[in-house]
Amino acid sequence: LVPNMWRDPWFWREETLAARLVTTALSPLGMLYHAIGKARMHRIKPEPLGTCAIICIGNASLGGVGKTPFAIALYRMLTDRLGNDDAIGFLTRGYGGSLAGPVRVDPKTHTAEMVGDEALLLARHGPVWLARDRKAGADFAATHGARCLLCDDGYQNPRLPKDLSILLVPVPIPARAQIFPAGPLREPVADAAARADAVVFVTQDGTDEFPKTGTEPLIRILTDRRLSGRAWLSPTEAWMGAGQAGPVLAFCGIGNPDRFRQTLHAAGAAIADFIAFPDHYPYNDDDIRALRRAAKRQGARLITTEKDHVRLPSAFAADVDTLPVSMTILCDGLIDRCLAVLPQNAHRPVSS
């Protein structure tokens, strides 16, 4: 069997006495990490670009909550309103890639080793501008005609000027989680929400109308004087119709592997085995051979996420299915707020 490998340390996930002892011992480091981050946030003041709006999508934790599919869904909503001729694109640092940028990503010539998996996935939907220095990348994109950039990282980066900040909060809310390294949080959820123009709760599916009320103190803090809504991931209709024949061996290397497992379960997939690799994992030949042997032994076909698929060698990728997903966003006023921050407010009037 391929060994399960989790990026998150065991004491983040367990509720045992040993886990509590470790998190308690590490909590002073978490307090220091948070204090340094707050001091950096207050010390560094970004300069607005003026000619290009930046809409930043972030979360308070280190784990994945769906920022990339949210950015793709928001891009589609904006282009539906503005048309495809408007200069809307994505801004990314290209995590896991070798290129420092700034550069416009070309999926025909760039590989995941060069620009990272997220950049290639985003490039399937619209223009992608990559730079390790996000401010330099935004400047570069603006000089090439970009007027609106969606950034699905950089929420905690004070150098990146943000015209609109959207915080994604997973449900259940990680209110009791610890600050890194004691836990998975970059900062307390309430602190992250204080810089947000909109808070969107990411639920498991469309049936959960969270938050049902605003009576809980934390929910009141998160939604006070800002837009709020919800979003969820679901498989595309094409996969729902053709992707459930026989058992699957699922594997992924993403920030929240459980979300992929849950989405497969919700779609009715028969999961023979589930293999979790670390986030952004660079699959090697040994991994590929082991996955193939495991799938053959269990009579299952291999399936992974779209983000993982772009990291697979082409010879192996042809033998692996993907679970294509899309995100639904329900947040009244969000698109109008996004359009309002565009330079010179140059967008089509809101239809009545």
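Every value quoted in this text rests on a predicted model; they were computed, and no experiment measured them. Basis for what follows: all heavy atoms, side chains included, without hydrogens, waters or symmetry-related copies.
- Ring geometry for Phe251 against Phe277 counts as perpendicular: the plane angle is over 60°, on a 0 to 90° scale with 30° as the lower cut.
- Counting only heavy atoms from C-beta outward, the side chains of Thr68 and Leu121 approach each other to under 4.5 Å.
- Nearest heavy-atom pair, Pro247 versus Gly299, reported as atom, atom and distance to 0.1 Å: CG-O, 3.4 Å.
- Between Lys135 and Asp139 a salt bridge is recorded (basic side-chain N to carboxylate O distance below 4.0 Å).
- Lys162 places a side-chain N or O within donor-acceptor distance of the main-chain N or O of Asn157, the cut-off being under 3.5 Å.
- If you take CZ on Arg293 and CD1 on Ile288, they are separated by 11.5 Å, rounding to the nearest 0.5 Å.
- Panel note: side chain Glu118, backbone Gly96; no donor-acceptor pair is recorded below 3.5 Å.
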Requested in this report: Might you work through the side chain to side chain contact (heavy atoms under 4.5 Å, CB included) test for Val189 and Leu222, ending with a clear yes or no?
Outcome: CA-CA 8 Å; Val189 179; Leu222 297 181; 3.7 Å; yes
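- Annotation for Gly97 and Arg132: closest pair O-NH2, 2.6 Å, computed over non-hydrogen atoms.
- To the nearest 0.5 Å, atom CG of residue Leu249 and atom NZ of residue Lys296 are 14.5 Å apart.
- Annotation: the span from Thr304 atom OG1 to Leu323 atom CG amounts to 9.5 Å, rounded to 0.5 Å.
- Considering CD1 of Ile166 and NZ of Lys67, their distance stands at 13.0 Å, rounded to 0.5 Å.
- The side chain to side chain contact (heavy atoms under 4.5 Å, CB included) search around Leu32 returns Ile36, not counting sequence neighbours.
- In this structure, Val169 and Val65 approach most closely via the heavy-atom pair C-CG2, 4.4 Å.
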Report task. Walk me through it: do Trp12 and Gln178 pass the test side chain to side chain contact (heavy atoms under 4.5 Å, CB included)? Result -> CA-CA 8 Å; Trp12 288 6; Gln178 300 289 317; over 6 Å; no
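- Asp332 CG: 12 or fewer foreign heavy atoms inside a 6.0 Å radius.
- The closest donor-acceptor contact from the side chain of His34 to the backbone of Gly30 lies at 3.5 Å or more, if one exists at all.
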Report task. Evaluate the criterion salt bridge (charged side-chain N to carboxylate O under 4.0 Å, His left out) for residue pair Arg134 and Asp153; output intermediate values, then yes/no. Result -> CA-CA 9 Å; Arg134 298 182 186 90; Asp153 54 20; 3.1 Å; yes
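- Under the 4.5 Å side-chain criterion, counting only non-hydrogen atoms from C-beta, Cys151 is not in contact with Thr92.
- Taking NZ from Lys45 and NE2 from His42, the interatomic distance works out to 6.5 Å, rounded to the nearest 0.5 Å.
- Atom-to-atom distance recorded for Ile275:CD1 and Leu302:CG is 9.5 Å, nearest 0.5 angstrom.
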Report task. Might you work through the salt bridge (charged side-chain N to carboxylate O under 4.0 Å, His left out) test for Arg311 and Asp117, ending with a clear yes or no? Result -> CA-CA 6 Å; Arg311 296 199 305 275; Asp117 51 9; 2.2 Å; yes
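- Nearest approach of Ala250 to Leu264, heavy atoms of both residues: CB-CD1, 3.4 Å.
- Under a 4.5 Å side-chain heavy-atom cut-off, the cluster of Ile, Leu, Val, Met, Phe, Trp and Tyr residues that includes Leu330 is completed by Trp232.
- No donor-acceptor pair under 3.5 Å is formed between the side chain of His280 and the backbone N or O of Gly253.
- Ion pairing between Asp133 and Arg93 fails under the 4.0 Å rule for side-chain N and carboxylate O.
- Using the six-membered ring where Trp is involved, Phe140 and His144 have ring planes that are tilted, between 30° and 60° apart.
- Judged by distance alone, with hydrogens and angles left aside, the side-chain atoms of Asp287 form a donor-acceptor pair with the main-chain N or O of Asn284 at under 3.5 Å.
- Side-chain contact between Leu168 and Phe201: absent, with no pair of heavy atoms (C-beta onward) separated by less than 4.5 Å.
- Of all the heavy atoms in Asp321 and Arg301, the pair that sits closest is OD2-NE, 2.7 Å.
- Considering only heavy atoms from C-beta on, Leu227 stays 4.5 Å or farther from Asp197 through its side chain.
- Proximity of Arg337 to Leu164: side-chain heavy atoms (C-beta onward) are separated by under 4.5 Å at one or more points.
- Applying side-chain contact (heavy atoms from CB on, under 4.5 Å) to Asp308 and the options Tyr283, Tyr281, Phe260 leaves one that passes, Tyr283.
- Residue Val128 comes nearest to Ala119 through the heavy atom pair CG2-O, 3.8 Å, listed as atom of the first residue, atom of the second, then distance.
- A salt bridge is absent between Asp279 and Lys307; no separation between the charged side-chain nitrogens and carboxylate oxygens falls under 4.0 Å.
- Note that Arg261 lies in the cation-pi zone of Phe274, set by a 6.0 Å cut-off to the ring centre and a 45° limit from the axis.
- The shortest distance between side-chain heavy atoms of Val310 and Arg124 falls below 4.5 Å.
- Side-chain contact between Pro343 and Arg147 is present, with heavy atoms from C-beta onward closer than 4.5 Å.
- Residues Ile254 and Ile271 share a hydrophobic cluster, clusters being chains of Ile/Leu/Val/Met/Phe/Trp/Tyr side chains in contact below 4.5 Å.
- A donor-acceptor contact shorter than 3.5 Å links the side chain of Arg20 to the backbone of Glu15.
- Between Ile57 and Leu74 the shortest side-chain heavy-atom distance falls below 4.5 Å.
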Requested in this report: Walk me through it: do Ile54 and Val341 pass the test side chain to side chain contact (heavy atoms under 4.5 Å, CB included)?
Outcome: CA-CA 8 Å; Ile54 294 181; Val341 302; over 6 Å; no
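- The ring-ring contact (aromatic ring centres under 6.0 Å, His included) test with Phe90 is passed by exactly one of Phe70, Trp129, Tyr75: Tyr75.
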Query - Stepwise side chain to side chain contact (heavy atoms under 4.5 Å, CB included) check, Cys52 with Leu149 - result: CA-CA 7 Å; Cys52 182; Leu149 295 172; 3.7 Å; yes
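- Using a cutoff of 4.0 Å between basic side-chain nitrogens and carboxylate oxygens, Glu187 and Arg195 are scored as salt-bridged.
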